[in-house]
Structures are given as structure tokens and as C-alpha cells.
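First the structure, in the form of C-alpha cells, and then the observations on it.
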Amino acid sequence: MSEIFSKLLISSPNEGGLFLVNDSRISKLDSIDTTGLYSSPGVLLRALQPDSLWICGDQVLEIHNKSVTFHDIHDVLSFNDFCYLVGTTRNEIVKLDSNGAEVQRWVFSGDNDSRHVNCLGIWNDRVVFSAFGDFREARAFKGKTSGEGYVQDLISGARLISGLSQPHSLVSVGENLLVANSEEMELREYAPSGDLIRTKKLNGYARGICVSGDVIYVGLSRSRNVEDSGIKTATLLALDLESWEELGRISLPTNEIYSVVSIEDTGELIDVMAAVVSHSSLKRDGQIASLNQGVTERDALITSLN
């Protein structure tokens with residue numbers, strides 16, 4: 001069981017933070033409300049609500065609302081050397097270059113947070129996003145999201161999947177796409193044609209999907225919208241990639257999960273986490289971290305991973 005839940009980072013908003021799960025041990029790295037995570041070799045993108053993005057590598061580049069206008073950040077993505085982020089308040093997606101400068105911006109019609117644009121993904125070499133629906137008034141989706149959600153191609157505007165209920169967490173598996181149909185507490189898989197292949201009913205608000213090896217990880221949250229989700233605390237579920245049979249689950253000391261990512265190389269994970277923890281300490285203390293502090297934090301991470 002411990003080998004299943006290893007080298008995983010989990011984000012949590014609403015008085016949550018950032019968690020490391022390794023050998024089924026859960027470590028809370030900090031208490032900064034976090035939504036989207038994206039990992040690629042040597043880099044971790046971290047969305048901190050309401051209006052900050054950390055690009056964590058050897059150092060941490062922090063982008064916030066003072067340099068690039070966005071608010072209520074929900075998700076982040078790296079693709080073809082560009083970074084994309086979702087600003088849910090203004091129904092927008094912003095494209096940044098490697099230095100954090102704005103390159104392009106897509107703003108969708110409607111009042112603030114009318115569509116609830118939320119998550120980003122790459123599906124067959126296309127940037128795609130999910131939203132709660134084509135609503136026009138602020139938060140008009142409240143109580144009306146059943147079957148109104150969709151997945152859309154960012155560049156062409158083509159509607160790829162419709163009929164969803166509060167969709168999140170777009171993750172490719174081969175040519176197919178995994179989607180958390182959150183309101184219905186479901187994991188779904190779609191073919192490139194947009195046809196539904198299979199569905200698995202879960203017992204919590206599904207949000208946060210990661211595929212690593214032959215395992216699918218799915219986050220389950222205590223929903224703010226569903227009366228009885230069946231779980232008392234946020235839970236990470238492991239499913240077999242082929243059969244979708246449950247392999248195990250662990251509970252986290254928080255109410256919600258937003259993103260789950262895997263960093264399989266131990267050295268890379270240690271380096272990225274050392275940068276994250278050092279920057280979190282700097283933000284918390286309002287002072288520059290010393291070199292010795294950075295070394296101590298790195299050694300602590302090595303101990304937790306061995």
C-alpha cells in the first residue's frame with residue numbers, strides 16, 4: 001500500500017495548503033491556500049489563491065496581480081514553453097512567457113465568474129479548459145450546473161465535450177481524456193470524438209486527477225454543495241489504470257483537494273520541494289532565508305523520502 005501512495009503533491013484551497021504524500025505518510029508543507037499544480041522536469045507551477053503564481057525550479061519566480069492582472073486563480077499549465085493560468089473571476093485565461101510576461105489573454109463573455117472557468121489540460125496537442133456553463137450573470141450557475149458544463153478547445157473555440165456537471169481536472173490518457181464530473185461524483189473517460197467511454201461513480205466530490213504508471217489518483221473532497229458526500233475528510237483514491245478497480249485510499253487532514261501531481265524522480269522532488277518550502281518560509285517570516293535554513297529544509301525532505 002505504501003508504494004502506491006508515494007511522491008505525490010496535493011493542493012488544497014480554503015484553509016488547506018500543500019501536502020506531500022510519500023510511503024503513505026502525509027506531510028503538510030505549508031498552509032497557503034493552493035489550487036492548480038503542474039509538474040514537468042525540474043519545474044513545479046503552483047497557483048495560490050487569490051492572485052499569485054509560483055514557478056518553482058532552482059529558484060522561485062513569483063507572479064502576482066501587480067505585474068499581470070488576474071484574480072481567483074484556479075489552474076496552471078505549461079505547454080510549448082509557455083505558461084497558462086485561469087483567472088476565474090473575469091472568465092479568462094492568460095498566457096505567459098518564461099519570464100512571466102503576458103503574451104495573450106482570452107476573456108469569455110459574461111459578468112464576473114459567470115462561467116466558472118476552472119481547469120486546463122493538454123488533449124492531443126491542444127490546450128483545453130473546463131467551465132460550469134454558458135451563464136451570463138455573476139454566479140448564475142449556483143444550483144443550475146447539472147448538465148451545463150463543458151470542455152472546450154482554447155485556440156479554436158470548439159466545444160469538445162458537453163453535458164457535464166461542474167467539470168474539473170482534465171488529464172490525458174493516450175488519446176483519451178479523463179474528466180472529474182465533480183457534481184455527480186464521477187470519474188469519466190472520453191474518446192477523441194468526445195464520446196463517453198466509461199464512468200465510475202465515487203463517494204465524494206471528485207476533483208484532482210493524476211496518472212502515474214498504472215495508477216489513476218483521484219481526489220475526493222467534502223463538498224460545499226452536496227449534502228452528504230459520504231466522506232468526513234478529503235481523501236486520495238488510487239485506481240487501477242486498466243480496470244478502474246480501487247487499489248486503496250488515504251485520508252488527508254483537510255476538507256478539499258484541488259490538484260494531484262506526481263514527481264517520480266526523488267532528487268528532482270527534493271530540489272523542487274526545497275525551493276517551495278524555502279519560499280514559503282520567506283513569505284511567512286517576511287525575511288530572506290539563510291543558506292543554512294535551505295540546507296536544513298533539504299535534509300528534512302531527504303529524510304522524509306527515504
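Fair warning: this is a prediction, and the values are worked out from it, not measured in the lab.
Counting heavy-atom neighbours within 6.0 Å of Glu137 CD, excluding the residue itself, gives a total of 12 or less. Dense packing is recorded around CD of Gln104, with more than 12 heavy atoms of other residues, nucleotides or ligands lying under 6.0 Å away. With a 6.0 Å radius and a threshold of 12 heavy atoms from other residues, nucleotides or ligands, Lys201 has its NZ atom above the threshold.
Heavy-atom minimum distance, Val68 versus Arg105: CG1-NH2, 3.9 Å. Taking each heavy atom of Ile26 and Pro253 in turn, the nearest pair found is CG2-CD, 4.0 Å. The two residues Ser40 and Tyr38 make their nearest non-hydrogen contact at CB-CE2, 4.1 Å. Scanning all heavy atoms of the two residues, the minimum distance from Ala275 to Gly57 falls at CB-O, 3.4 Å. The two residues Met185 and Asn203 have their closest heavy-atom pair at SD-C, 4.0 Å. The minimum heavy-atom distance between Leu8 and Ser262, with the atom names listed, is CD2-CB, 3.8 Å.
Between atom CG of residue Asp75 and atom OG of residue Ser169 there is a gap of 7.5 Å, rounded to the nearest 0.5 Å. The OG atom of Ser212 lies 10.0 Å from the CG atom of Leu241; values are rounded to the nearest 0.5 Å. Between Thr233 atom OG1 and Arg222 atom CZ the span is 7.0 Å, to the nearest 0.5 Å. Taken to the nearest 0.5 Å, the CG atom of Asp113 stands 6.0 Å off from the OG1 atom of Thr89. One finds the OG atom of Ser182 at 4.5 Å from the OH atom of Tyr205 (value rounded to the nearest 0.5 Å). With rounding to the nearest 0.5 angstrom, the CZ atom of Arg249 is 9.0 Å from the CZ atom of Phe5.
Here the side chain of Ser165 pairs a donor or acceptor atom with the backbone of Gly147 at under 3.5 angstrom. When atom types are taken as modelled, the side chain of Ser259 and the backbone of Thr35 share a donor-acceptor pair closer than 3.5 angstrom. Of the possible polar contacts, none joining the Arg207 side chain to the Ala180 backbone as a donor-acceptor pair under 3.5 Å is found. Of the possible polar contacts, none joining the Ser52 side chain to the His64 backbone as a donor-acceptor pair under 3.5 Å is found. Without hydrogens or angle criteria, Trp54 side chain to Ile63 main chain gives no donor-acceptor distance under 3.5 Å. Checking side-chain atoms of Tyr217 against main-chain N and O of Ile4 turns up a donor-acceptor pair under 3.5 Å. Of the possible polar contacts, one joining the Asn65 side chain to the Phe70 backbone as a donor-acceptor pair under 3.5 Å is found.
A heavy-atom distance below 4.5 Å is not found between the side chains of Glu92 and Val117. Between Cys83 and Leu53, the closest side-chain pair of non-hydrogen atoms falls below 4.5 Å. Counting only heavy atoms from C-beta outward, the side chains of Leu45 and Leu77 never approach each other to under 4.5 Å. With contacts defined as side-chain heavy-atom distances shorter than 4.5 Å, the pair Gln166/Glu184 does not qualify. At a threshold of 4.5 Å between non-hydrogen side-chain atoms, the residues Tyr84 and Lys95 count as touching. Using a 4.5 Å heavy-atom threshold, the side chains of Leu170 and Leu177 count as touching. Leu164 has its side chain within reach of Arg188: a pair of non-hydrogen atoms, C-beta onward, lies under 4.5 Å apart. Put simply, the side chain of Val128 does not reach to within 4.5 Å of the side chain of Leu154, judged on heavy atoms.
Between Phe132 and His116, the angle of the ring planes lies from 30° to 60°, which puts this pair in the tilted group. Ring geometry, Phe108 versus Phe129: the interplanar angle falls from 30° to 60°, so the pair is classed tilted. In this structure, Tyr258 and His74 have perpendicular ring planes: the angle between them is above 60°, well past the 30° mark.
Phe19 and Val260 fall within a single hydrophobic cluster, where Ile, Leu, Val, Met, Phe, Trp and Tyr are joined by side-chain heavy atoms under 4.5 Å apart, directly or via other members. Ile161 and Ile122 sit in two unconnected hydrophobic clusters of ILVMFWY residues. Membership requires side-chain heavy atoms under 4.5 Å apart, directly or through other members. Placement of Val261 and Phe79 in two distinct hydrophobic clusters is found when ILVMFWY residues are connected by side-chain heavy-atom separations under 4.5 Å, directly or transitively. Residue Leu85 is grouped with residue Val103 when hydrophobic side chains (ILVMFWY) are merged at heavy-atom distances under 4.5 angstrom, including chains of intermediate members. A single hydrophobic cluster is seen to contain both Trp106 and Ile73, as judged by linkage of ILVMFWY side chains at heavy-atom distances under 4.5 Å, directly or through other members.
No salt bridge links Lys7 with Glu264; every basic N to acidic carboxylate O contact stays at or beyond 4.0 Å. A salt bridge does not link Asp111 with Arg136: every distance from a Lys NZ or Arg NE/NH1/NH2 to an Asp or Glu carboxylate oxygen is 4.0 Å or more.
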Let's go through Leu20 and Leu269 carefully: what are the C-alpha distance in whole Å and the side-chain angles of both, what is the deciding distance for side chain to side chain contact (heavy atoms under 4.5 Å, CB included) to 0.1 Å, and is it a yes or a no?
CA-CA 10 Å; Leu20 169 67; Leu269 178 59; 4.2 Å; yes
Kindly indicate, with the supporting measurements, whether the criterion side chain to side chain contact (heavy atoms under 4.5 Å, CB included) is fulfilled by Asn14 and Asn255.
CA-CA 8 Å; Asn14 299 311; Asn255 287 325; over 6 Å; no
CA sep, side-chain torsions, deciding dist, call: Asn22, Ser27, side-chain hydrogen bond (donor to acceptor under 3.5 Å, both in side chains)
CA-CA 8 Å; Asn22 194 62; Ser27 302; over 6 Å; no
Decide side chain to side chain contact (heavy atoms under 4.5 Å, CB included) for Arg90 and Thr69; before the verdict, give the C-alpha distance in whole Å, the side-chain angles of both, and the deciding distance to 0.1 Å.
CA-CA 10 Å; Arg90 300 184 180 92; Thr69 302; 3.8 Å; yes
Report the C-alpha separation of Leu160 and Arg126 in whole Å, then their side-chain angles, then the decisive distance to 0.1 Å, and conclude whether the side chain to side chain contact (heavy atoms under 4.5 Å, CB included) test is met.
CA-CA 11 Å; Leu160 304 175; Arg126 297 178 294 189; 3.7 Å; yes
Working note: Asn118 + Ser130, criterion side-chain hydrogen bond (donor to acceptor under 3.5 Å, both in side chains); need CA distance, chi angles, decisive distance, verdict.
CA-CA 6 Å; Asn118 51 56; Ser130 54; 2.5 Å; yes
Show your reasoning for whether side-chain hydrogen bond (donor to acceptor under 3.5 Å, both in side chains) applies to Arg46 and Ser11.
CA-CA 9 Å; Arg46 180 183 183 185; Ser11 67; over 6 Å; no
Step by step, would you call Asp23 with Ser6 a side-chain hydrogen bond (donor to acceptor under 3.5 Å, both in side chains)?
CA-CA 5 Å; Asp23 288 336; Ser6 289; 3.2 Å; yes
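There is a side-chain donor-acceptor pair under 3.5 Å between Asn176 and Glu189.
Taking the ring axis of Tyr150 as reference, the NZ or CZ atom of Arg159 stays within 45° of it and closer than 6.0 Å to the ring centre.
Taking a 4.5 Å side-chain heavy-atom cut-off between Ile, Leu, Val, Met, Phe, Trp and Tyr, the cluster of Val107 contains only that residue.
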